[in-house]
Each structure stands twice: as C-alpha cells, then as structure tokens.
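Notes follow the structure.
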Amino acid sequence: MSFPGFLEQKGFWALFFVTLLALMLRFSHFADLGIGNLFYASTIRSMGESWHNFFYASFDPSGTIAVDKPPLGLWLQVLSTKLFGLNAFGFIGPIALAGALAVPLVFVGAYRWFGLEVATIAAIVLAIFPESVATSRDSTMDALLMFVAMLSALILVYSVENRPKLLLIWAISLAVLFNIKFFEGLIFLPAAGVYIMVRWRNQLAEKAGLIFGSGIIFIVCASLWMVAVELTNVDSRPLILNDPNNSPISLAIFYNGIERVFPSEVTIFQPIPDAPRYSAALQAIWAPAFGVGDAGLFRLFSGANGPLLGSTLCFGLFGVLSILVANRSLLNGPVLFWMTWFLTGLVLFSFSNRAPAHYIESFAPAIAIMGGLGIVRGLEYFGVFKILIAPLIFVCLLLYNFAVTTEYPVLREMLAYALAGGIIVYILFGLLRTMTNLKIAMPILSIFLFFPLLTSAWIVSFSPRAQITQPNPVIYATEEFAWDTTSQNQSWRRVPAEKVLEKLPVDSSAKYRFGIDGVNNAGEAIAFTGEPILPVWNEYRRELMFPPDVLRGFLETGELQYLVLSQGRIALGLLDEVRDITGEYCEYDEVLSADFKSWVVFECGR
C-alpha cells in the first residue's frame with residue numbers, strides 16, 4: 001500500500017489519535033516534573049559547561065568524575081537545554097518526545113505485517129503502558145533508547161524480509177543504541193539472531209559476508225567513543241564513576257553488563273549493619289520504588305511491579321500463548337522476532353534483581369506488539385474453543401489485577417472504574433454490531449486496557465519530586481504515602497546547597513566549593529547551583545569515591561577546603577573511611593554547622 005493510499009484510510013486517523021494520546025500522557029503537567037532525575041540533571045548541566053565535559057560526559061562542572069553511562073543520549077539532552085533552558089522541557093523534553101514517537105513506530109511495524117486492528121491495539125498498549133509513561137517523564141534516557149530500539153527493529157525486519165543490504169544500516173543503529181545505554185539497548189540481539197537464522201536458513205552461506213560485515217561495522221562504530229576515552233591519559237580525563245578500573249570498556253562489560261544480568265545484592269538497598277530499626281524499614285521501602293530485588297519468576301508481576309508492569313505484560317503473554325498453542329505457522333515470519341524479543345526481556349529481567357523498572361523500556365515495543373496480537377487475534381486462533389477460553393482469560397486477568405492492587409487503594413479504585421468502563425464499551429460495541437472479529441475479545445480489550453490507561457492517568461496527575469526519580473511511582477498509591485509531594489512542596493529537597501554556598505567564603509584557590517557525601521547529594525547540589533561540588537563518598541558501593549591518596553591530595557593542596565557531611569550517615573558509621581582521612585586535615589566548624597539541620601560542616605587545610 002502506498003503512503004498516500006494509507007493517508008486516505010481510517011488507519012491514518014487511528015495512528016493520529018493514538019499518537020495524540022501518547023503525547024498527552026507524556027506531556028501533561030510537564031512543568032511539575034522540574035528537572036527530573038538530579039543525578040542526570042547534574043551531568044547534563046555540567047556537560048554544557050565545556051567541550052571537555054561534553055565529550056567525556058562529566059558529572060561535575062570541574063570535570064573530575066564522568067557519569068557511568070555512555071554520552072550519546074546525554075549529548076542530545078545538553079543540546080536541548082541550550083535550546084529550551086534548564087527546565088523540564090530542556091532536560092526531559094527530548095525523552096518524553098522520543099517515548100511518544102515510539103508509538104507510531106510500533107503502529108507502522110505492526111500494520112505492515114498484522115493489519116490495522118493489531119497495529120491500533122499494539123500502539124494503544126504502548127501509549128498507555130504505565131511504566132513507559134512514567135519513564136518518558138524522567139530525564140533518564142531509557143525512553144529514548146526504546147524509540148531507537150523500535151526504529152532499529154523496523155530496519156532489521158525490513159532487511160530480513162525485503163532488502164538484505166539494509167543489515168549494514170541496522171548495524172549502525174545497534175552502535176547508536178550501545179552508545180545510549182550500553183548493553184541495555186541490545187536486549188533484542190538474541191531475537192535478531194534467531195530471526196535471521198530461521199528466515200535465511202537456506203541462504204546463510206551466500207549472506208555470511210553481509211552478516212560478518214554488519215558485525216564489523218557494529219563493533220567499530222560502537223567502540224569509537226570508548227576507545228577514544230580509553231586511550232586518553234587518565235590525568236587528562238575524568239575518573240569514571242562506579243568502575244574500579246577507571247575504564248569505559250570495563251564499565252560497559254561489568255557494571256553496565258554482567259552485574260546487571262546476574263542476580264546479586266544491590267548494595268545501596270542492603271540493610272546497614274547495626275542500624276536502627278527505622279533505617280531497615282526505609283531500605284525495604286525504597287527497593288520496590290526502583291522495581292528491584294526479589295529475583296524470580298514473578299518479580300515483574302508482583303508487589304509494586306504488578307500494577308506498573310504485570311498488567312500489561314499479561315497481554316504479551318497471552319499473545320505468546322496463543323501463537324505457541326494455536327498458530328505456530330506465524331513463527332516463520334516477523335512474529336518470531338517480536339516473540340523472542342519479548343521472551344528474552346521477560347526472562348532476563350525476571351531473574352536479574354539489579355534491573356530497575358525503567359529497564360523494561362528495552363523490550364516495551366515487543367510487549368506492545370505481542371499484546372496487540374494477543375488481544376486482537378489470540379482468541380481467534382483458538383477457533384471453536386474461544387467461547388470457553390474468553391471467560392477464563394477474563395476471570396484470570398480480573399483476579400490478578402484485583403490481587404496486585406490490594407496494597408494500593410487508589411489503583412483498586414481505578415480497577416473498579418476500568419471494569420465499569422469496559423462493560424459500557426462492550427455493550428456499545430455489541431449494540432453497534434461492528435468489528436465482529438473483535439467482539440468476543442472486547443471484555444478483555446475494554447477492561448484490561450482501561451486499567452493501565454487509568455493507572456497512567458494517575459501517574460501523570462501525581463508528579464512526586466525526589467533526588468532520584470523513583471522508576472516505580474506505584475509506591476505512592478499506598479496509604480503510607482498519602483501526602484502532597486507536588487512541585488509546590490519543596491520538602492523533598494535534601495541538600496541546602498544554596499544556603500551552604502551563601503555561608504561559605506569564596507576562595508579562588510579552591511577548585512571545589514565544598515565536598516559532600518553521596519553522588520546523589522552532589523547531584524542535587526550541582527543540578528540546582530551549577531557550582532563545582534565534589535562527592536567524596538559513593539553510596540552505590542558504600543565506599544570512598546576516590547582512592548585515599550587522591551582524596552588526601554585534594555585536601556593537602558587546598559583544592560577542597562570545606563566538607564558538608566550528613567549527620568545520619570556519620571551516626572550510622574557509613575562515613576568512617578571519610579572521617580579517618582579528613583580527620584588529618586579538617587576541623588569541625590561549630591558556627592557553620594549550627595546553621596544547617598542534619599548536616600555537619602568541616603573546614604579543611606587551614
């Protein structure tokens with residue numbers, strides 16, 4: 001079908017309205033989001049200070065520390081802040097737009113191979129997916145990665161089915177993904193391998209050169225930035241955050257690779273030894289806020305992950321089940337790729353407890369397309385048995401959604417609204433006697449698309465602020481979090497950075513205005529002030545940010561003349577290593593400390 005022909009048909013209007021819905025959910029109440037995740041906001045602001053910072057993805061304005069991610073997505077956000085300013089549109093705008101524009105890409109991908117009905121429902125699934133909506137409204141680059149992954153997937157499918165030489169272009173798109181967020185963008189590689197092997201099984205010998213050439217292009221393009229940084233003298237570039245080897249290659253392989261895949265302890269969420277009981281309780285709350293922990297078969301379907309992820313994943317599972325049981329012939333085409341991508345992501349992130357909720361963006365397009373197939377065609381594949389299967393699926397999904405909202409009264413109310421709305425829509429479609437292929441599936445379609453839609457609408461209307469935006473905002477739907485955390489309420493701020501800077505004297509010989517415990521505390525201070533502030537302790541690993549001799553060097557030379565440390569962390573013994581070193585050079589400043597509740601100020605080197 002030609003593009004002009006497509007515009008003349010109802011497919012255009014379906015695409016238009018679903019894309020409009022995606023844009024509305026991602027941009028509503030946008031100013032309330034502030035500058036998003038302050039860890040990335042500080043990096044983006046610091047990168048805009050100089051070309052040196054820009055290239056090395058510097059976390060701080062002085063270019064001392066490089067963020068633990070590749071730079072490509074951040075480069076786009078830096079350019080956006082130069083155009084739109086240091087606000088929500090500058091920091092988060094490109095991410096929200098990418099998340100919304102992935103929706104028409106899903107429509108296009110599904111329309112060509114599965115028809116208008118599947119394409120429309122698949123696009124709706126992604127447009128209203130609560131996890132995708134929440135992630136698109138933050139300054140993390142996962143939604144951008146999802147957009148590029150979907151574009152890359154379209155290139156791959158078109159290459160395999162129609163134009164083999166496009167595989168070379170696909171290899172470049174893989175390199176782009178890798179330089180947005182390392183291996184997270186390559187979750188679909190196993191699916192791509194299976195798809196190519198099956199579809200080209202009779203032509204592998206003649207296409208071996210093309211496949212090999214694509215691999216070389218990917219490796220070369222993907223490694224250009226890493227190799228450039230690796231070859232730079234360590235004294236001429238920032239220290240790489242969260243990599244003990246101070247190597248971008250090591251960072252990609254271990255911290256952003258192996259450590260994310262295999263189940264392991266997440267240090268920042270582990271109980272603090274000998275800590276008071278309330279501290280352990282807080283640790284137990286914040287791990288679910290990030291969607292981590294409890295690796296296992298039901299990790300993505302239980303707890304706070306249930307309403308955010310599980311309800312939508314059920315659509316995809318039904319699509320997989322219907323194909324495997326009733327229509328395996330589809331596996332000879334692109335369905336094989338989408339299904340394998342979906343299952344790869346599902347298995348990987350079920351058994352890896354290091355992957356926060358927003359990592360699901362790496363296979364969200366596959367969730368949407370498999371969900372569209374399940375909702376529209378799933379029951380059709382079962383033939384005469386669909387009369388029995390439809391009520392069974394209806395009851396199972398209703399019970400599941402009822403169970404996962406037990407601890408979230410706000411979302412339980414949304415489920416009731418979804419049920420009512422679904423029944424009304426079902427009756428209307430029955431009276432109109434339209435879309436006969438969908439009629440028996442309408443109870444599932446109506447109710448269990450209304451629930452994620454209403455959940456997403458609640459997420460949009462409720463925009464809590466924090467140092468690090470919680471990837472799973474469902475935790476705020478519990479009774480314990482029934483307070484106002486809108487942008488007008490600034491109580492979420494932890495670091496009184498502006499007040500500290502007012503009180504501290506300015507010394508031109510000092511490289512840093514002050515040092516502080518914690519990457520995220522430093523991120524907050526830098527994001528709001530743009531001043532050179534140095535994190536001296538890393539909460540992600542609960543250790544010194546720098547080797548002891550490097551920290552001593554900062555203190556001996558006078559580059560670091562003040563330290564602002566958390567009373568709570570000192571009391572818990574987390575900063576003993578910091579105090580052992582700074583005790584040699586720093587003295588407690590009683591006058592300055594009196595001005596700051598919960599913080600202790602030390603003057604160093606005088």
Side-chain angles (χ1 to χ4, degrees), residues 38-39 42 46 58-65 235 238-239 241 267-268 272-276 278-279 467 493-606:
L38 301 185
F39 176 84
S42 64
S46 298
S58 179
F59 173 78
D60 64 299
S62 296
T64 304
I65 300 169
D235 295 329
L239 176 78
L241 181 65
T267 303
I268 193 172
I272 301 169
D274 303 321
Y278 75 87
S279 177
Q467 263 191 355
R493 287 285 305 272
R494 294 184 188 179
V495 182
E498 295 88 343
K499 187 177 179 182
V500 170
L501 291 171
E502 286 178 9
K503 297 288 184 178
L504 295 183
V506 178
D507 189 331
S508 59
S509 66
K511 184 176 181 179
Y512 309 100
R513 293 300 306 277
F514 62 87
I516 195 168
D517 60 291
V519 176
N520 292 320
N521 285 338
E524 178 182 338
I526 294 167
F528 283 105
T529 68
E531 294 289 335
I533 295 162
L534 185 71
V536 297
W537 183 77
N538 185 344
E539 65 268 44
Y540 291 99
R541 294 182 177 272
R542 291 184 183 167
E543 63 184 19
L544 291 172
M545 178 63 66
F546 305 95
D549 60 322
V550 174
L551 183 55
R552 286 190 177 94
F554 290 144
L555 298 169
E556 287 176 354
T557 59
E559 291 179 301
L560 181 61
Q561 297 183 358
Y562 288 93
L563 283 175
V564 181
L565 303 181
S566 162
Q567 286 183 350
R569 283 176 173 163
I570 292 174
L572 292 170
L574 291 172
L575 304 182
D576 287 349
E577 282 187 288
V578 177
R579 294 292 297 118
D580 288 343
I581 294 174
T582 57
E584 305 171 23
Y585 304 93
C586 307
E587 294 182 359
Y588 170 63
D589 192 316
E590 185 176 359
V591 175
L592 285 174
S593 298
D595 291 327
F596 306 110
K597 182 181 179 181
S598 304
W599 297 92
V600 179
V601 180
F602 295 89
E603 187 176 4
C604 308
R606 291 181 181 270

Euclidean distance, Thr582 OG1 relative to Leu555 CG, rounded to 0.5 Å: 7.0 Å

Side chain proximity check, Cys604 to Tyr562, heavy atoms < 4.5 angstrom: no

Under 3.5 Å donor-acceptor, Glu539 side chain and Val519 backbone: yes

Sole candidate of Asn521, Thr529, Val564, Ile533 that passes side chain to side chain contact (heavy atoms under 4.5 Å, CB included) when paired with Val495: Asn521

CG-CG distance between Leu504 and Leu501, expressed to the nearest 0.5 angstrom: 6.5 Å

Electrostatic pair Arg494:Glu524 at N-O distance under 4.0 angstrom: no

pair Phe602-Leu592: side-chain heavy atoms closer than 4.5 Å: no

Which residues share a side chain to side chain donor-acceptor pair (under 3.5 Å) with Glu584, sequence neighbours left out: Arg552

Whether Ser58 side chain and Asp60 backbone form a donor-acceptor pair below 3.5 Å: yes

Interatomic spacing from CG in Asp576 to CD1 in Ile570 - rounded to 0.5 Å: 9.5 Å

Test item: Lys503 side-chain N/O and Ser593 main-chain N/O as donor-acceptor pair under 3.5 Å: no

Residue pairs involving residues 561-572 (criterion salt bridge (charged side-chain N to carboxylate O under 4.0 Å, His left out); sequence neighbours excluded): Asp517-Arg569

Side-chain donor or acceptor of Trp537 paired with backbone N/O of Leu574 under 3.5 Å: yes

Shortest non-hydrogen separation from Phe546 to Ile65 and the atoms involved: CZ-CD1, 3.8 Å

Distance flag, aromatic centroids of Phe554 and Tyr512, threshold under 6.0 Å: yes

Between CZ on residue Phe596 and NZ on residue Lys499, distance to nearest 0.5 Å: 6.0 Å

Leu560 and Val536: CA distance, side-chain angles, deciding distance, side-chain contact (heavy atoms from CB on, under 4.5 Å) verdict: CA-CA 10 Å; Leu560 181 61; Val536 297; 4.1 Å; yes

Heavy-atom side-chain proximity of Thr64 to Leu534 below 4.5 angstrom: yes

Aromatic centroids of Phe59 and Phe39 separated by under 6.0 Å: yes

SB check Arg493 Glu498 (cutoff 4.0 Å): yes

Under 3.5 Å donor-acceptor, Asn520 side chain and Gly523 backbone: no

Which atom of Lys511 lies closest to which atom of Ser62, heavy atoms considered: O-OG, 3.7 Å

Within-4.5 Å side-chain heavy-atom neighbours: Pro548 and Glu577: no

Pairwise distance CG(Asp595) to CD(Glu502) - rounded to 0.5 angstrom: 10.5 Å

Step-by-step side-chain contact (heavy atoms from CB on, under 4.5 Å) determination, Glu531 to Arg513: CA-CA 7 Å; Glu531 294 289 335; Arg513 293 300 306 277; 3.6 Å; yes

Shortest non-hydrogen contact between Tyr585 and Ile581, atoms and distance: CD1-O, 3.4 Å

Pairwise distance CZ(Arg579) to CG(Leu563) - rounded to 0.5 angstrom: 8.5 Å

Exercise: identify the closest heavy-atom pair between Pro535 and Gly518: CB-O, 3.7 Å

